[in-house]
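Below, all heavy atoms of this structure are taken into account, side chains as well, without hydrogens, waters or symmetry copies.
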Amino acid sequence: MDIMELVEKTKDGATVQRVFGEPITRGDVTVIPVARVAQGGGGGSGASEGDHGGQGSGGGYGLGATPAGVFVIKNGEVRWQPAVDVNRIVLGGQVVAVVLLLTIRAVVKRWRKGRR
């Protein structure tokens, strides 16, 4: 597969349809889901040097999407509702707790050293 063939196959990777989902309407409320889309690609090549025969080639492509939130349209007003990433919140809390515990440990060690 050459690089142009890879580009042709991935053209629709970050189109509007991947970022904005199909609108959902219930009564007078319309919800439009939104995602963060990231894509990347790479390629390679090779050559033969010395007595050993060799060739090379390569290529790759990646696409990822995570929920960002939704637009809520009600009574002619648009409101943004972000998606909550609970894992990120928990990880942030754990990091803060570890830093706090290490700080308390250092303060207690210094306090004990000063009392001797």
Pair up each side-chain donor or acceptor in residues 23-33 with any protein partner under 3.5 Å, not counting sequence neighbours, and list the distances.
from, atom 1, to, atom 2, distance (Å)
T25, OG1, T30, OG1, 3.4

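The two residues P67 and A83 have their closest heavy-atom pair at O-CB, 3.9 Å.
One hydrophobic cluster holds both F20 and I73 under the rule that ILVMFWY side chains link at heavy-atom gaps under 4.5 Å. Hydrophobic clustering keeps I89 apart from V95 (ILVMFWY residues linked when any side-chain heavy atoms are closer than 4.5 Å, directly or through intermediates).
Judged as a ring pair (Phe, Tyr, Trp, His ring centres under 6.0 Å), the pairs with a partner in residues 76-116 (not counting sequence neighbours) are, in order, F71-W80.
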Q.
Could you go through R105 and L102, starting from their C-alpha distance and side-chain angles, then the distance that decides it, and tell me whether this counts as side-chain contact (heavy atoms from CB on, under 4.5 Å)?
A. CA-CA 5 Å; R105 178 177 169 240; L102 290 174; 4.3 Å; yes
